[in-house]
Student: 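Could you have a look at this structure, given as structure tokens, before my questions?
Naming: A, B, ... by sequence-line order, numbering from 1 per chain. Bear in mind the structure is a predicted one, so any value in this text is a computation, not a measurement.
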Number of protein chains: 2
Amino acid sequence: MNTSPPRSLRHAAGRPSPTLEDLALAAGVSRSTASRAINGGDRVSPAAQAAVDRAVVALGYIPNRAARSLVTRRTSSIALVIPEPDVRVMMDPFFAVVITGITEALRETDVQLVLLMSRTDDDSARTLRYLRGGHVDGAIVVSHHEADSWARSLAETGLPTIFIGRPWDMTFDVTYVDTDNVGGGKLAAQHLSGIGRRRLATVAGPADMTAAVDRLRGWKAGLAEAGLPEGPVVHADFTTDGAAAAARLLLAEHPDIDGIFAASDLMALGVMEAIQAAGKTVPGDIALMGYDNHAVAETASTPLTTITQPMVEMAVKAGSMLLEEIEAPGSHPEPVIYSTRLVERESTSVAPTASAANA
Amino acid sequence: MNTSPPRSLRHAAGRPSPTLEDLALAAGVSRSTASRAINGGDRVSPAAQAAVDRAVVALGYIPNRAARSLVTRRTSSIALVIPEPDVRVMMDPFFAVVITGITEALRETDVQLVLLMSRTDDDSARTLRYLRGGHVDGAIVVSHHEADSWARSLAETGLPTIFIGRPWDMTFDVTYVDTDNVGGGKLAAQHLSGIGRRRLATVAGPADMTAAVDRLRGWKAGLAEAGLPEGPVVHADFTTDGAAAAARLLLAEHPDIDGIFAASDLMALGVMEAIQAAGKTVPGDIALMGYDNHAVAETASTPLTTITQPMVEMAVKAGSMLLEEIEAPGSHPEPVIYSTRLVERESTSVAPTASAANA
DNA sequence: AATTCCGGTGGGAGCGCTCTCACGCTGTTC
DNA sequence: GAACAGCGTGAGAGCGCTCCCACCGGAATT
């Protein structure tokens, strides 16, 4: 077992930065008082506080985080765990949004975000060791299908953890934020039935991802409410190509379909390909819906009606929930579910396709 | 001046993790020997090494990074600085690629990536303080137009730093990796002239970004080599809407243009809009090129011919260069420039538009 | 007038680690 | 056989910080 840095970093800081002792000396107080002044100023006279403040500026004092962390056993950093083996997934704007949101939540804090990506099982072990090693005060796990094992392992360490996206395994205490995928799926069913489509099908996501399962459940519920039959369901892997293949089969078996709900915009793109390849039009012959309100939904040759979800808010919430749980350990906050909203575009307009050509 | 954590984290680790002392006791050696065994095993007898190794496994020992860092003055973490005020930019897949690449470079290392985003000037100051504070061993700065001030400030701290994308201000020692934007611009000119277009124009990026300036320089050089006039140049801000507006003006003033090079794929999308709004077709009337090989280049209604660049490799290189410079301070490595490549798609095909409808 | 209280203060210990240094102990050399 | 390497080892100091505790003096209470 190798616990040492495989490649260590050798770097001596330029000139030695001033220590707390230097600061205290410059301010004419004791090290203790200087420390108190720096950490919120409890039990410090205004005079002493002012003297320390002045010295901080004069010396350009910056507390040594390692020393502080050594004694407080707090690191002022949290980890964002991305348990994805695939570079492709990292390309998903989803992550950018998540990172942005968390950073936003951390703004008024001096907490730093440490990025942990584990592509392989080997990495996973290392990452887990890192988290367990108390190098961070908490973690946010972006939950895709792999998250289950993480959830359990992390729960066992007692490290404050928030999941973004409901983890698959919920047999123990786990805090998460998520969007209302069930509601989103239902919204899709309501919209497509609302514009008069009656022979509806869906290209669902993988059956081992909670988001996909939930969207499908909502979709079915929505159809039932509208008094429509469940209709055909095919699964794909959230990729454009995968959805195109699935849709080809779907269309071949059910040539009379007049509405399709794809569980992601990227998949909707693939479905659109298949529809056009079958010589049909969107929305003329088949109304098409996506999910996510991804950038491509707007730029697609026929802009996609889709479901949008407040991802940034969700990420911000995850960040602030984590901070809360770190400050008050044991206070397991309730999961927060964000509602979704329909975004109408041409792909479900009743009028025939009017792609491009808009002054 | 507030140097204190505005909101501090209070978290006590579960049960106390074993210390080096515990480890030494368990292994039957001194703390010193245990330390040596853990750090590479110099001057440690095989017997002692084995005993320590066994104890590490038995106790689940994980060295305390804070303590180590306190004495070594190394942190085993590097910062990725994203000096972008705008969330939109964060959405750029560019960042995902950069992060992926750096992570890749750090794989066999226990170096962690700390993410530093500074949206406001206020944040910039904090970020700079953080970097200066010796919390990281080095930094990678993703250079967009703001990078100038960063470059100078960081250079002054002596912190090992690598820029991704040539910084604007090069009046001092700075190490960077970049792609050959000049070559890419030239490639665009060669391709458009090569397919017989003669009345060429370009929608360039902002004049305060090196990437934009370089692409434009290459474009002009390429036109000159082909014996063509420089042609009209308009600038836009790398956004779709901005480029659309710029292109409308361009087309109004020069209705006879038969080829346009947009300095990014997103801008090319805007240009395409403007072309279609003017009642013309791509590539029938006007051949259109983008840059970046962004995902939208492929999904656009008329897929875009574009310039691709090895971004992942570039990011990996940045990471490994930083590690090198950290290990051997003062060894300012030479800048590395990656070459670009043309990707042909329909937007410059000689045949008339065949958008969609491909079995 | 004697007591308690409490805001403000400084001294000291110690967080877990690395690193210098001095001490054996086995080989090698003259 | 005396002198010297040099390897493996352990004791000890100390990195910069926080926190506990004891202390002091003036205000509030008896």
Side-chain angles (χ1 to χ4, degrees), chain A residues 3-5 8-13 16-52 55-56 59 61-76 110 133-135, chain B residues 3-5 8-13 15-52 55-56 59-76 110 133-135:
Chain A
T3 45
S4 77
S8 65
L9 300 175
R10 261 161 238 126
H11 166 63
S17 47
T19 98
L20 187 58
E21 196 96 34
D22 302 334
L23 185 71
L25 194 70
V29 298
S30 73
R31 204 180 57 246
S32 306
T33 301
S35 173
R36 272 188 296 261
I38 279 176
N39 294 292
D42 248 20
R43 294 205 188 303
V44 177
S45 67
Q49 181 74 55
V52 172
V56 164
L59 272 63
Y61 173 75
I62 300 165
N64 181 315
R65 217 185 190 124
R68 177 180 278 173
S69 159
L70 179 57
V71 41
T72 60
R73 314 188 141 275
R74 289 181 268 117
T75 62
S76 286
D110 78 336
H135 299 311
Chain B
T3 45
S4 77
S8 64
L9 300 176
R10 262 159 236 127
H11 165 66
R15 56 178 162 346
S17 45
T19 96
L20 185 59
E21 196 97 35
D22 301 334
L23 184 72
L25 193 70
V29 297
S30 74
R31 204 179 56 246
S32 309
T33 301
S35 174
R36 274 187 294 261
I38 280 176
N39 293 293
D42 249 17
R43 297 203 186 302
V44 176
S45 67
Q49 182 74 54
V52 172
V56 164
L59 270 63
Y61 174 76
I62 300 165
N64 181 316
R65 215 181 192 128
R68 177 180 277 173
S69 160
L70 179 58
V71 40
T72 59
R73 310 188 145 275
R74 289 181 266 116
T75 63
S76 286
D110 78 336
H135 299 312

Student: Give the residues of residues 19-27 of chain B touching DNA chain C, defined as any heavy atom closer than 4.0 Å, sorted by residue number.
Tutor: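 Within this stretch, B/T19, B/L20 sit under 4.0 Å of the strand.
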
Student: Between atom CG in B/N64 and atom P in C/dT18, what is the gap in whole Å?
Tutor: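 Between P of C/dT18 and CG of B/N64: 10 Å.
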
Student: For DNA chain D, report each stem as range with range, ordered by first number, or say none. Use Watson-Crick or G-U wobble pairs under 3.5 Å, at least 3 in a row.
Tutor: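 Stem list for DNA chain D: C:4-30 with D:1-27.
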
Student: Using every non-hydrogen atom in the two residues, find where A/A66 and B/L70 come nearest and quote the distance to one decimal.
Tutor: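 That would be CB-N, 3.8 Å.
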
Student: Residues in side-chain contact (heavy atoms from CB on, under 4.5 Å) with A/L59, at least two apart?
Tutor: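 side-chain contact (heavy atoms from CB on, under 4.5 Å) check on A/L59 returns A/P18, A/D22, A/A26.
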
Student: Is B/R73 close enough to D/dG16 that one of its side-chain N or O atoms is under 4.0 Å from OP1 or OP2 there?
Tutor: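 Yes, because at least one side-chain N or O of B/R73 sits under 4.0 Å from OP1 or OP2 of D/dG16.
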
Student: Tell me the closest heavy-atom pair linking B/S35 and B/L20, and the distance in Å.
Tutor: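 What the structure gives for the nearest pair is CB-CD2, 3.8 Å.
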
Student: Mind checking side chain to side chain donor-acceptor pair (under 3.5 Å) for B/S30 and listing every partner two or more places apart, or none if nothing turns up?
Tutor: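 Testing B/S30 for side chain to side chain donor-acceptor pair (under 3.5 Å), a comparison that skips the adjacent residues, returns B/T33.
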
Student: Going 5' to 3' through nucleotides 6-12 of chain D, assign each nucleotide B (protein heavy atom under 4.0 Å from a base atom), S (under 4.0 Å only from sugar-phosphate atoms) or - (no protein heavy atom that close).
Tutor: -SSBBBB

Student: Roughly how many Å is it from CG in A/L70 to C1' in C/dT18, rounded to a whole number?
Tutor: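 Going from A/L70 (CG) to C/dT18 (C1'), I get 12 Å.
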
Student: Checking A/N64 against B/R73 for the side-chain hydrogen bond (donor to acceptor under 3.5 Å, both in side chains) test, could you report, in this order, the C-alpha distance in whole Å, the side-chain angles of both residues, the deciding distance, and whether it holds?
Tutor: CA-CA 10 Å; A/N64 181 315; B/R73 310 188 145 275; over 6 Å; no

Student: Check A/I38 against A/Y61 and note the closest heavy-atom contact, atom names and distance.
Tutor: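 Nearest pair, atom of A/I38 first, then A/Y61: CD1-CE2, 3.2 Å.
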
Student: Do the side chains of B/R65 and A/T75 get nearer than 4.5 Å, heavy atoms only?
Tutor: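 No, every pair of side-chain atoms sits at 4.5 Å or beyond.
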
Student: Using modelled atom types only, decide if a donor and an acceptor are shared between the side chain of B/Q49 and the backbone of B/V44 within a distance under 3.5 Å.
Tutor: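 Here the side-chain-to-backbone pair does not exist.
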
Student: Rounded to whole Å, please give me the gap between CD1 in B/I62 and C1' in C/dC17.
Tutor: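 Interatomic distance, CD1 of B/I62 to C1' of C/dC17: 15 Å.
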
Student: Is B/Y61 near enough to C/dC17 that one of its side-chain N or O atoms lies under 4.0 angstrom from OP1 or OP2?
Tutor: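 The answer is yes; a side-chain N or O of B/Y61 sits under 4.0 Å from OP1 or OP2.
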
Student: Does the side chain of A/N39 come within less than 4.5 Å of A/R68's, by heavy atoms?
Tutor: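 They are in contact (side-chain heavy atoms under 4.5 Å apart), so the answer is yes.
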
Student: Residues two or more places apart in sequence or in another chain: which of them pass salt bridge (charged side-chain N to carboxylate O under 4.0 Å, His left out) with B/R31?
Tutor: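 Only B/E21 meet the salt bridge (charged side-chain N to carboxylate O under 4.0 Å, His left out) criterion with B/R31.
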
Student: Nearest to the A/T72 side chain among D/dT18, C/dG16, D/dG16, which nucleotide is it?
Tutor: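 Per side-chain heavy atoms of A/T72, the pick is D/dT18.
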
Student: Output the rounded distance in Å from CD1 (A/I38) to C1' (C/dT9).
Tutor: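 Spelled out: CD1 on A/I38 to C1' on C/dT9 is 16 Å.
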
